[in-house]
Amino acid sequence: MTIGTFTVRPLDPMKDAELLHGWVTHPKAAFWMMQDARLEDVERAYLEIAADEHHHAYLGLHDGEPAFLMEKYDPAHRELVGLYDPEPGDVGMHFLVAPTDRPVHGFTKAVITAVMDELFADPRTRRVVVEPDVDNKAVHALNEAVGFVPAREIDKPEKRALLSFCTREQFLAKRSRAARGVAI
């Protein structure tokens with residue numbers, strides 16, 4: 001079974017804010033920490049990202065329809081400043097899958113794989129860095145499935161996070177094993 005085609009485009013904070021507002025305030029997005037955000041809060045947050053040279057947001061499309069949010073950032077300048085020693089080629093990442101009433105088995109794993117493909121399409125990216133909430137067990141399992149290795153827990157201002165890394169080689173090895181049907 002094929003899941004479909006994934007593409008990304010730059011997020012338009014004003015055009016996409018209403019759509020995003022529904023996603024980030026949905027109960028399944030609790031770890032996104034915007035449950036009480038108003039539409040104006042979402043617009044402002046993504047206008048700030050759009051103006052930031054070290055942080056970028058993208059709308060992910062599944063067969064041409066909005067399906068996920070992807071953010072990439074430079075961890076030497078955002079999110080993780082002072083919490084670890086960044087290496088050349090490090091890229092930070094967040095992703096959020098749109099809520100749905102008709103879940104498709106394997107969809108979220110396909111999304112994170114598409115996000116990783118997008119990040120590693122840039123030859124300068126050597127390693128992807130994530131810092132999900134320590135209690136977000138579902139995303140830890142997804143991260144592991146695409147090659148992330150936990151490093152340690154860290155304290156961020158808004159949460160206790162699990163700092164994890166995935167090199168290009170780790171990601172490609174997991175993709176290769178998955179393509180061969182080897183349990184990962």
Side-chain angles (χ1 to χ4, degrees), residues 8-11 13 16-17 20 23-26 28-37 41-60 68-98 108-109 111-175:
V8 298
R9 68 160 171 80
L11 183 79
D16 298 325
L20 288 184
W23 294 1
V24 301
T25 59
H26 190 276
K28 289 185 177 182
F31 287 110
W32 206 255
M33 295 178 284
M34 293 185 81
Q35 295 290 281
D36 298 323
D41 299 327
V42 174
E43 288 173 351
R44 184 173 42 260
Y46 285 94
L47 282 168
E48 288 174 8
I49 290 172
D52 188 334
E53 68 181 300
H54 301 291
H55 196 166
H56 308 281
Y58 302 89
L59 188 66
F68 63 96
L69 172 63
M70 172 185 143
E71 294 180 15
K72 73 176 184 177
Y73 64 89
D74 182 343
H77 298 277
R78 299 292 174 267
E79 295 284 336
L80 294 168
V81 175
L83 297 174
Y84 91 108
D85 293 324
E87 295 180 6
D90 279 0
V91 174
M93 178 270 286
H94 299 135
F95 82 103
L96 176 68
V97 177
T108 304
K109 184 177 176 198
V111 166
I112 192 173
T113 300
V115 167
M116 297 294 282
D117 281 337
E118 181 70 21
L119 295 172
F120 283 124
D122 183 341
R124 297 170 296 179
T125 301
R126 295 180 51 204
R127 185 170 73 161
V128 179
V129 183
V130 292
E131 27 64 44
D133 191 293
V134 295
D135 294 325
N136 192 344
K137 304 302 184 205
V139 86
H140 299 318
L142 285 165
N143 287 344
E144 181 182 340
V146 295
F148 280 94
V149 175
R152 67 181 183 279
E153 291 184 8
I154 58 172
D155 289 313
K156 294 186 67 196
E158 73 281 8
K159 66 184 177 186
R160 180 108 176 126
L162 182 62
L163 181 67
S164 302
F165 301 96
C166 182
T167 65
R168 180 183 304 273
E169 295 75 21
Q170 289 165 320
F171 174 63
L172 292 175
K174 286 286 189 168
R175 287 214 61 190

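As a basis for the values below, the full set of heavy atoms in this structure was taken, side chains included, without hydrogen atoms, waters or symmetry mates.
- With sequence neighbours excluded, the residues that form a side-chain hydrogen bond (donor to acceptor under 3.5 Å, both in side chains) with Arg124 are Asp122.
- The minimum heavy-atom distance between Leu162 and Val134, with the atom names listed, is N-CG1, 3.8 Å.
- Under the rule for a side chain to side chain contact (heavy atoms under 4.5 Å, CB included), the partners of Pro132 that lie at least two apart in sequence or sit in another chain are Val130, Val139, His140, Asn143.
- A heavy-atom distance below 4.5 Å is found between the side chains of Val8 and Phe68.
- Within the 4.5 Å cutoff, side-chain heavy atoms of Leu80 are placed close to those of Tyr73.
- Counting only residues at least two apart or on different chains, the salt bridge (Lys or Arg N to Asp or Glu O under 4.0 Å) pairs with a member in residues 45-60 are Asp52-Arg78.
- Residues forming a salt bridge (Lys or Arg N to Asp or Glu O under 4.0 Å) with Asp16 (at least two apart in sequence, or on another chain): Arg9.
- No more than 12 heavy-atom neighbours from other residues, nucleotides or ligands sit within 6.0 angstrom of CG on Asp36.
- Residues satisfying the side chain to side chain contact (heavy atoms under 4.5 Å, CB included) criterion with Thr167, sequence neighbours excluded, are Arg127, Glu169, Gln170.
- Judged as a side-chain hydrogen bond (donor to acceptor under 3.5 Å, both in side chains), and not counting sequence neighbours, the contacts of Arg44 are Asp41.
- Judged as a side chain to side chain contact (heavy atoms under 4.5 Å, CB included), and not counting sequence neighbours, the contacts of Ala138 are Asn136.
- For the pair Thr125 and Leu119, the tightest heavy-atom approach, listed with the atom from each and the gap, is OG1-O, 3.1 Å.
- Closest non-hydrogen pair, Ala17 versus Glu43, comes out as CB-CG, 3.3 Å.
- Screening residues 143-174 for ring-ring contact (aromatic ring centres under 6.0 Å, His included) gives Tyr84-Phe165, Phe120-Phe171 as the qualifying pairs, with residues at least two apart or on separate chains.
- With sequence neighbours left out, the side-chain hydrogen bond (donor to acceptor under 3.5 Å, both in side chains) criterion links Asp85 to no other residue.
- Qualifying side-chain hydrogen bond (donor to acceptor under 3.5 Å, both in side chains) partners for Glu87, counting only residues two or more places apart in sequence or in other chains: none.
- Applying the side chain to side chain contact (heavy atoms under 4.5 Å, CB included) rule to Lys159 yields the partners Met33, Glu131, Asp133, Lys156, Ala161; only residues at least two apart in sequence or on another chain are considered.
- Scanning all heavy atoms of the two residues, the minimum distance from Trp23 to Leu69 falls at CZ3-N, 3.7 Å.
- In this structure, Ala29 and Leu96 approach most closely via the heavy-atom pair CB-CD1, 3.9 Å.
- Residues satisfying the ring pair (Phe, Tyr, Trp, His ring centres under 6.0 Å) test with His56, not counting sequence neighbours, are none.
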